[in-house]
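Chain A is the first sequence line, chain B the second, and so forth, proteins listed ahead of strands; every chain is numbered from 1. Bear in mind the structure is a predicted one, so any value in this text is a computation, not a measurement.
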Amino acid sequence: MSYLDTLNPQQLEAVKHTEGPSMVIAGAGSGKTRVLTYRIAYLIERGVDPFNILALTFTNKAAREMKGRIAQIIGDSEAKNISMGTFHSVFARILRHHSDKLGYPSNFTIYDTQDSRSLLKTIIKELKLDDKTYKPNLVHGRISSAKNNLISAAAYEANSDIVTEDRMSGKPRLFEIYKAYEKRCFMAGAMDFDDLLFKTNVLLRDHPDVLHFYQHRFRYILVDEYQDTNYSQYLIVKKLADVFQNICVVGDDAQSIYSFRGANIENILNFKNDYPECVTFKLEQNYRSTKTIVNAANSIIAKNKDQIHKTVWTDNDSGNKIKVIRTLTDNEEGKVISNLIYELKVNEQAANADFAILYRTNAQSRSFEEALRKLNLPYKIYGGLSFYQRKEIKDLLAYFRLTANPNDEEALKRVINYPKRGIGKTTVEKIIVAANQYEVGMWDVLINPGKYPVGLPGATQNKINTFITAIKSYAVDLEKVDAYELAQSIARSSGILKDLYDDKSPEGVARYENIQALLAGIKEFTESVGENETAYLSDFMVDVALLTDADEEKEEDLDKITLMTIHASKGLEFPYVFIVGLEENLFPSQMALNSRSELEEERRLFYVALTRAEKKATLSYATSRYRWGNLITSEPSRFIEEIDTEFLEVNNPTRGSGRSLNQVNLERKVGIPGKKVFSDKQRKLKKIGAADAKPKSGTPANKLDLKVGYNVKHEHFGKGKVVGLEGDPPVKATVFFPKVGNKQLLLKFARLEIVE
DNA sequence: CTTGCAATGACTGAT
DNA sequence: TCATTGCAAG
């Protein structure tokens, strides 16, 4: 029982209280994950069958990490049997088991956000509605939140409040879109993300035998990040826990940041009402951060009205004050922060992985990328578009999806004319019209031209026949050959591989490599199953829609500076944290200024960001930044002034230090933009510390004034001559290298030197 | 049917 | 700024 000795009294109590409902309110950095993992280990040690444990998390990463830690304590073979994962992945698996009860095939497709939006776009067009009034994004959000509140399309239409609301906002036909969307997803054998939870509710509601089975299977239920559950998730958990009531929820209301996704903070605030017997444990000792950081964070969150009272404290050192940095532009912000990181690395012998730059929106990453690249500081960006969302990957996956489920219309539309085979937009539209007319799916129309005539020219019909024959032939192999073999053969015979191979542009090469990486991943998957088993492509496809690239931790990424949104940073910690872009209308986001509750969510987001830091936190803002290509001035975020001044150190690299916080406040309130604009030269002189670390060889070529005919030198290809330029100013160059021939180089990345 | 160019609107957040 | 969409010409 030695592992229990490492817990403090509150943690230990929470671990040992195994029977009956309990709630653990865990302040930031208070050892929440430890409590969860030890609790599971403790249960198993006391004789609970891992098979009877359900542990739900919000990210695959959290699930995997926890599983790993449990395996360390109780061993791999036991840990394997725990049902642990994200809500979406756990219930997707259960749904596949019982899909027939809902009228779905077991190999139903999971539509990601892109697929959902694309389908909605199609529907809006078909209904002849204006896509400016009915913006696919907004419509999707509306449908999504309906589903998260368990409102079906029929219930939506029947709900006069909702319908009135839509009519008032000028979108009276929204319910029609929802109905069509629901129907089309069903016909396509597809569920979107929200369906995975919605349909689980339907399954448990309409099939008491299924409910009974899982209620008795999952005798012990644990939910991580309970403050982020939405109604749909809440109800699933409540139903499953109803018999044994051995439910333990862990969360921190102060870190609830997903209400935009339907998360309902009330779930944690009202837990006691649902389970009067509930025992509450508060973990208030922070083991992560310095006193300064903990207290500063407390001073911020105290401004929120809605919260469960708790006092987070720490025994750690006071540590440094929180630096506040002002810069003139977003680009300068990138440079200054990068320089600071360089300095800290040298002075404190820190590793790259000790640093994180956190921002509100993904779009802010650019200036930091550029600056870090110039200093040769390796970094890794999380979020943005993940590996599985890249076009070429989605294209190939669409072939796989279509092979497994020919009714998957989003996949069909994606690949019916990619690579180009002469089946154009008009043809596809005709097919869709016919499909709607006969009330069948597109695939049915394609394979039954006799039954559902479309009236296509013979040549086009032949092309279609070739296409469907190919897909059918893949489908035959679906459970015959292993995943890798089939994947490879599809990639080759579909023409994707050749299409990308023929594209010799740098982007094309990258795409080709991505496809190879995907195939390598499938190969690994194929080899991961036991000797006597075969992994089929459909097995690979089961979870692929739920993966995000944060799940792929590559070895070469181990020692890199982390760039991510604050949302993505939840649950992580770093010795040095930089929270950037602290400006009004950016953070807090201008979308959040309408109501107190939205603003409070932004404040919690800031709280999350600050509490990621172990040793040092730095805040920064720019007085002007580019947005949609034009320069706008911005004021410092109100959150800066909400921190007690005793925790802050305000200095300003571009103007020397010593500005008082009052000046920050003044500027925020009055909105004085950066008063004096320094020229680039002056600014360079003011750079601090290691500002001018030398790039390894050559300068990023987009900083050079290249002209056709110049002789240049490249670190790999040697000397060459510029023979062509694209863009004004140039972004891409064709360079002839005697050794390797013509090469297309993206100037943003290529390091070139001009030589005589 | 495809291609290439001009016009346009998007930036919260993520399973 | 960037990616997507609409339109005209081949």
*Give one of base, sugar-phosphate or nothing for F87(A), where a contact means two heavy atoms less than 4.0 Å apart.*
nothing
Whole-Å distance separating the [atom1] atom of [X] from the [atom2] atom of [N]:
{"X": "D194(A)", "N": "dT15(B)", "atom1": "CG", "atom2": "C1'", "value": "9 Å"}
{"X": "R627(A)", "N": "dG9(B)", "atom1": "CZ", "atom2": "C1'", "value": "14 Å"}
{"X": "W628(A)", "N": "dT8(B)", "atom1": "CH2", "atom2": "C1'", "value": "14 Å"}
{"X": "E601(A)", "N": "dG13(B)", "atom1": "CD", "atom2": "P", "value": "13 Å"}
{"X": "L196(A)", "N": "dA14(B)", "atom1": "CG", "atom2": "C1'", "value": "14 Å"}
{"X": "Q590(A)", "N": "dC11(B)", "atom1": "CD", "atom2": "P", "value": "13 Å"}
{"X": "Y382(A)", "N": "dT15(B)", "atom1": "OH", "atom2": "C1'", "value": "18 Å"}
{"X": "Y418(A)", "N": "dT2(B)", "atom1": "OH", "atom2": "C1'", "value": "16 Å"}

Considering only [options], which nucleotide approaches the side chain of [X] most closely?
{"X": "F193(A)", "options": "dA14(B), dG13(B), dT15(B)", "value": "dT15(B)"}
{"X": "R366(A)", "options": "dT1(C), dT5(C), dT2(B)", "value": "dT1(C)"}
{"X": "K121(A)", "options": "dA14(B), dT3(B), dT4(C)", "value": "dT4(C)"}

_Main-chain N/O of T113(A) paired to H140(A) side chain as donor or acceptor, under 3.5 Å_ = no
*Is NZ or CZ of K380(A) both nearer than 6.0 Å to the six-membered ring centre of Y382(A) and within 45° of the ring axis?*
yes
_Closest-nucleotide ordering on DNA chain B, the 5'-leading residue of T427(A) and K132(A)_ = T427(A)
_Pick the closest DNA chain B nucleotide for A592(A) and for N417(A) by heavy atoms, then say which residue is nearer the 5' end._
N417(A)
*asked:* Does the plane of the ring in F639(A) sit parallel, tilted or perpendicular to the ring in F606(A)? Use 30° and 60° as the thresholds.
replied: parallel
*Measure up the F368(A) and Y359(A) rings against each other and bin them: parallel (under 30°), tilted (30 to 60°), perpendicular (over 60°).*
parallel
*State yes or no: are the ring centers of H97(A) and Y214(A) separated by less than 6.0 Å?*
no
*Verify the ring-centre separation between Y226(A) and Y234(A): is it less than 6.0 angstrom?*
no
Check the phosphate of [N] against [X], side-chain N and O only, distance under 4.0 Å to OP1 or OP2. Yes or no?
{"X": "N137(A)", "N": "dG9(B)", "value": "no"}
{"X": "N60(A)", "N": "dT15(B)", "value": "no"}
{"X": "K570(A)", "N": "dG13(B)", "value": "no"}
{"X": "K135(A)", "N": "dA10(B)", "value": "yes"}
{"X": "S589(A)", "N": "dC11(B)", "value": "no"}

*Side chain of T113(A), base of dT15(B): donor and acceptor closer than 3.5 Å?*
yes
_Check for me: is Y258(A) stacked on dG13(B) by the 5.5 Å centroid and 30° plane-angle rule?_
no
